[in-house]
Amino acid sequence: MARPFDVTAVEAKWQARWRDEGTYNVDNADPRERYYVLSMYPYPSGAAHQGHVRNYTFGDLVVRYKTMRNFAVLSPIGFDSFGLPAENAAIKAGSHPRLFTDARIAELKSSLQRLGAVYDWRREVNSHDPAYMKYSQVIFLAFLKAGLAYRAMAPVNWCPGCATVLANEQVLADGTCERSGDLVERRNLEQWFFRITDYAEELLNDVDVLDWPERVKTMQRNWIGRSEGVEFELALASEPTRGLRVFTTRPDTGFGVTYAVVAPEHPLLEELTTDEQREEVATLVERALGETELERTSSDGALAKRGAFTGSYVVNPFTSESVPVYVADYVLGTYGTGAVMGVPAEDERDYDFATAYGLPIVRTVTPPEGFDGGAYTGDGAHINSGFLDGLDVAAAKAAAADFLVEHAKGVRKVNYRLRDWLVSRQRFWGCPIPVVYCEVDGIVPVPEDQLPIVAPDDVSMDKTGQSPLATHEGFLRTTCPTCGRPATRETDTMDTFTDSSWYFLRMADPFTEGVPFDPVEVAKWMPVDQYIGGIEHAILHLLYARFYVKALIDIGLAPGLAREPFARLFTQGMIRLNGTKMSKSKGNLIAPEPYYDTVGADSLRLFHLFVGPPADDVDWTDQTNDVIDGCARFIDRVYRLCEEDRLNLVDAMTPSDVAVRRDVHRTIERVTDAMERWSYNTAVAALMELLNTLSKWARQDGGASREVFDEARRTMLLLLAPMAPHVAAELWERHYPGPGVHQQPWPVADAALVAHESVVMVVQVNGKVRARLEVPVDITEEAASDLALEDPAVIAAVKGPVTRVVSRPPRLVNIIA
RNA sequence: GCGGGCGUGGCGGAAUUGGCAGACGCGCUGGUUUUAGGUACCAGUUCUUCGGAGUGUGGGUUCGAGUCCCGCCGCCCGCACCA
């Protein structure tokens, strides 16, 4: 394609200028109204791809647009630079993860700059930067001191391929590791946890006030998983003063309890198991403990092989009857009390279990007529339930709960699905957990003046997969800060989600030393006004960051901050390749560089804005390159028009000039509205329409007003400035001396100009359009219907008598005949 | 199974509150310029038996439905035995 200008040179020129002049640096003392725009800082796994391009194009557009709207805009960037891929790459290449990481960051940075994305680079935060690590560790120790960080034994997911513990989300539905594909094992290990469950209630409640996509809010609510119920005691038949505590959300079904089940991990299991049942129980327990949680809660596999009778009985407090106690793998030791009551008639799992083991099934809720399923979980009148008979589920729940509180050591209780956050990783390339182990003093925090603890450089990343920290004598051996005796360092590192849980706070104040950030400075910017990222972070990153901020406030590191970090969230769609998911492992990512080198960054940006609604997925197809060429064509047409190529400009005014001015101002309205609604595809379309109009008008035989043309050109460049910043800046500079296009205020539509004096009114007969009439905008209902009824085309279409006239001036008249 | 979203030309999509369906772009067709191709520019492009019909499908509300309500069909996303 022959371009009217040297795209590569122009883009390079402006990128250098924005970078060298720090055009988008912003001072914390800036007096203007503030706006914090943040695109999720990327993981530097390799060169940039179209997902990055899309994400950072949106972010950059908001930054430039809000700046033109006279906000003090905070636009920081950084890199989420710890993580397994860098470590695995280093193992493969026999080098140090830092070398790999630094190289990837350099690539990604270059790619972002060539996109024309602008940031306050003084605020760059990299997770692996010792300056940042120091404060990550300070925060860890503050959590430890506040009791929010603790060490405990727990059954965890262990990936043999990655040689580390995994978070639940890194385990796929089939029980394999999402990264290596190895089958994940369950191991009982002592690990570090953050007490995120302390915040379950607040994390759940605050979801309501967030201006986030409903989808993401629902996912957060599901993840936290609140359920209200009663925890009470089923007395042991053999020893009525002791009991088995169970949790239920359906106390109303108590009369239908025909058995109880404990988890294989349950502390009382040993005691409950009689000698005759010992072997069977032991076999079940052994197998269950080797399974993943996913396998255990899966509905696959015969239930008959998944439970065993313990030989003991407990007493149903409602009926005073003894019921048998089973052990089964589907009951989890980590949720509730690790023991449940079995109500086969009103719970599907219990129904299946009871059927498999021949346990009695007693209905306590009347199912609807014709109900032929097993368990009925809906509402209905209670039966077979003594004092609950006749009550609906809600009323019976309340009455039954009262009864349990009085008679079975019951308490009303809320349980959450959310578990404490396992933060330790047996990996090298992460932020070391800053504690030492002393034989005398136990777990001892590393004193703050010795932070950061940084992993040594002289390590060999061998192929065993074990973290070299665990065997590095120089790192391992230290002395106890308390007693001075020999001690060993913690060799686990923190989950990389801890790094991304507070980077946005450091970015708001990267200048203060000695503390993670100055809360007064940070409060000037927080919360983030617009957060932009991928839907894949819908749960974990966003939940963890929300927890961090609340916890930091409560332990005094961040007083005065809003308790929710991200006021508004936008999640962009994914890029697919001909309908399939793109990923690095599939090797089907599309790099932006070839586009920068040919059509230019502006064209690629316009494509991403124009292709469809930002929230929707984009399918990269055979047609995509043609659409990108179309965007380049649009830019070239803008360029030629602004450079007055073959125009016919005159000094006089003509009637067409008035109409063009109106179009210009209507375009301001349309684009501004589209920008606010994140409807960038229609914003681009509106500009394309304006260009079409201007191109024809400015080249028409009768001539076009030079003055009106100049206003149109200015306006078009201003509206284009956030979308295609390079070409807009270049054309502006060529025609208008002084401050650049991005330093100009966003244009405001002249309301008087936009208002039409007359409008085309549609006349329908029985709902079909029969005439279009030019009418004044303030035409009355009567005048409109009279005018419509006089029209020859309308008269011809009206066959019978007119029964009704619906007049909605000035848009429409509908005649019913 | 539960929850949420979506279904519009050959394709991506537009239509903010019920009021001219298909803006804008891609592709395609024709034309002008050009030795030719490409570029650029102009015109056309839902279907049609030219009456009309038409927004997955069947109903409903309304003068009027892509838009609101109910039932189906299909696709996508999340949760999935959390007691």
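Naming: A, B, ... by sequence-line order, numbering from 1 per chain.
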Review point. Atom OH of A/Y259 to atom C1' of B/A83: distance rounded to whole Å?
Key: 10 Å
Name the pairs: protein N/O against N/O of nucleotides 22-26 of chain B, kept only if under 3.5 Å.
from  : atom 1 : to     : atom 2 : distance (Å)
B/A23 : O2'    : A/E689 : OE2    : 2.9
B/G25 : OP1    : A/N692 : ND2    : 3.2
B/C26 : OP1    : A/R633 : NH1    : 2.4
B/C26 : O2     : A/Q623 : OE1    : 3.0

Exercise for review: Give the ring-plane orientation class for A/W620 versus A/H608, where under 30° counts as parallel, over 60° as perpendicular and anything between as tilted.
Suggested key: tilted
Exercise for review: Figure out the CZ/C1' separation between A/R226 and B/C79, and round it to whole Å.
Suggested key: 19 Å
Study note, to complete from the structure: Separation of B/G19 atom P from A/M761 atom CE, nearest Å, is 17 Å
Review point. Can you find a donor-acceptor N/O pair under 3.5 angstrom joining the side chain of A/R215 to the base of B/G4?
Key: no
Exercise for review: In plain terms, say whether A/R226 and A/E201 are close enough for a salt bridge, that is, a side-chain N and a carboxylate O under 4.0 Å apart.
Suggested key: yes
Review point. Which is true for A/R646 with a 4.0 Å heavy-atom rule: it touches a base, it touches only sugar-phosphate, or it touches nothing?
Key: sugar-phosphate
Study note, to complete from the structure: Where RNA chain B forms runs of at least three Watson-Crick or G-U pairs (i with j, i+1 with j-1, under 3.5 Å), the stems are B:1-7 with B:73-79, B:10-12 with B:24-26, B:27-32 with B:40-45, B:56-60 with B:68-72
Point to revise | Salt-bridge present (A/E689, A/R670; N to O < 4.0 Å) | key: yes
Check your understanding: Salt bridge between A/R576 and A/D619, side-chain N to carboxylate O under 4.0 Å?
Key -> no
Check your understanding: In whole angstrom, what separates A/M219's CE from B/C76's P?
Key -> 17 Å
Review point. Is the number of heavy atoms from other residues, nucleotides or ligands within 6.0 Å of CZ (A/R811) greater than 12?
Key: no
Study note, to complete from the structure: Considering only heavy side-chain atoms of A/Y335, the closest of B/C63, B/A15, B/A83 is B/A83
